[in-house]
Amino acid sequence: MAQSVATWNVNSLKVRLPHLLEWLERAQPDVVCLQELKCEDSAVPRDAIAAAGYHVVTHGQKTYNGVAILSREEARDIQRNIPGFTDPQSRIIAATVGETRVVCAYFPNGQAVGSDKYAYKLEWLAALTLWLRGELERHPRLILTGDFNIAPDERDTHPDWKDGILVSPPEREAFRALLDLGLGDAFRHFEQPERIYSWWDYRMNAWRRNFGLRIDHLLVTPALAEELASCSVDTAPRELERPSDHAPVIARFL
DNA sequence: ATGGCAGATGGAATCTGA
């Protein structure tokens with residue numbers, strides 16, 4: 001099986017490619033789920049990814065969204081977006097790697113509580129949950145990972161973070177509904193230091209103040225939870241020049 | 001401190017992100 005699975009919202013695959021390649025070399029993940037490629041499938045730098053030792057499957061989109069799964073072992077049974085949920089935005093790609101079903105997701109942001117985009121976010125979350133209920137019956141070894149755009153509870157926000165989008169009760173209830181399907185938060189499977197986040201706004205000197213949110217997650221079924229060895233945020237890439245505003249999160253298995 | 005940043009598009013100003 002995969003020994004490690006990571007997620008990283010790269011905020012433009014084109015701009016972040018050097019960071020990605022450097023990180024693959026250092027962290028040596030077996031599976032990497034990427035979000036916000038911001039490019040079409042035809043613009044994915046496949047040669048550079050192959051040279052780094054990874055297969056890649058993508059569900060790209062021009063300008064916004066776009067997701068990919070990189071894997072040491074070739075991915076199979078690839079699915080794009082949620083069946084039966086018509087969505088012009090490329091937010092999901094799922095595939096099987098080894099014995100593990102990997103669902104890579106870029107959850108909608110929602111913009112502001114009460115907005116049209118917020119309504120879309122909640123509809124999308126409901127469709128995702130309904131779909132996953134069936135997927136979990138077929139795949140005892142499943143990992144749902146990506147940029148959830150939800151900070152699950154107060155531990156996942158800087159103490160000064162006020163209410164609003166990403167932390168509203170309906171969003172947190174939707175996150176809870178995913179856990180209620182039988183999934184566990186890999187990060188919370190372990191004792192963790194306080195104030196660990198995965199995203200920091202480019203503005204406000206947020207990174208230097210650690211004014212962040214933990215919104216990038218890996219949720220696993222019990223069969224995978226039993227094999228978890230660690231789960232941590234790797235903040236090193238956030239220190240680089242022209243960083244993504246998200247840091248990669250990686251789960252390692254026994 | 002919720003802005004003032006960053007990326008894409010297109011070739012300036014606007015949209016989106018979170």
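Chain A is the first sequence line, chain B the second, and so forth, proteins listed ahead of strands; every chain is numbered from 1. Only heavy atoms go into these numbers, but all of them, side chains included; no hydrogens, no water, no symmetry mates.
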| query | Any ion pair linking Arg238(A) and Asp245(A) (charged N to carboxylate O, less than 4.0 Å)? | reply | no
| message | Suppose you measure atom P in dA6(B) against the same atom in dG10(B); what distance do you get, rounded to whole Å? | response | 22 Å
| task | Provide the distance between the two C1' atoms, one in dG7(B) and one in dA12(B), to the nearest whole Å. | result | 16 Å
| said: For dG7(B) and Arg16(A) - does any side-chain N or O of the residue sit under 4.0 Å from the phosphate oxygens OP1/OP2? | reply: yes
| query | Will you find, in the side chains of Tyr54(A) and Asp30(A), an N or O donor that is under 3.5 Å from an N or O acceptor? | reply | no
| Over how many whole Å does the gap from Leu213(A) atom CG to dT2(B) atom P extend? | 15 Å
| What string of B, S and - do you get for nucleotides 9-17 of chain B 5' to 3' if you count protein non-hydrogen atoms under 4.0 Å? | S-----BSS
| note | Side-chain contact check for Ser12(A): nearest option of dG7(B), dT2(B), dG3(B) is dG7(B)
| Salt bridge present between Arg176(A) and Glu173(A) (N-O < 4.0 angstrom) | no
| Roughly how far apart, to the nearest Å, are dC15(B) and dT2(B) at atom P? | 22 Å
| query | What does Ile165(A) touch in the nucleic acid at a heavy-atom separation under 4.0 angstrom: a base, only the sugar-phosphate, or nothing? | reply | nothing
| Using a cut-off of 4.0 Å on non-hydrogen atoms, how would the nucleic acid contact of Arg209(A) be classed: base, sugar-phosphate, or nothing? | base
| said: I'd like to know if Arg155(A) pairs up with Glu194(A) as an ion pair, taking the criterion as any Lys NZ or Arg NE/NH1/NH2 lying under 4.0 Å from an Asp or Glu carboxylate oxygen. | reply: no
| query | Roughly how many Å is it from CZ in Arg208(A) to C1' in dC5(B), rounded to a whole number? | reply | 15 Å
| query | Of Asn11(A) and Phe107(A), whose closest DNA chain B nucleotide lies nearer the 5' terminus? | reply | Asn11(A)
| Separation of Asn210(A) atom CG from dA1(B) atom C1', in whole Å? | 16 Å
| Are the aromatic ring centres of Trp131(A) and Phe85(A) under 6.0 angstrom apart? | no
| query | In whole angstroms, how far is the C1' atom of dA8(B) from the CZ atom of Arg242(A)? | reply | 12 Å
| task | Specify the separation, in whole Å, of atom CG of Leu13(A) and atom C1' of dG7(B). | result | 13 Å
| task | Could you measure between the two P atoms, the one in dA13(B) and the one in dA1(B), and give it in whole Å? | result | 32 Å
| request: Check whether the side chains of Tyr202(A) and Asn11(A) place a donor and an acceptor atom closer than 3.5 Å, and report yes or no. | output: yes
| Just checking, is any N or O donor in the side chain of Arg46(A) or Thr58(A) under 3.5 Å from an acceptor N or O on the other one? | yes
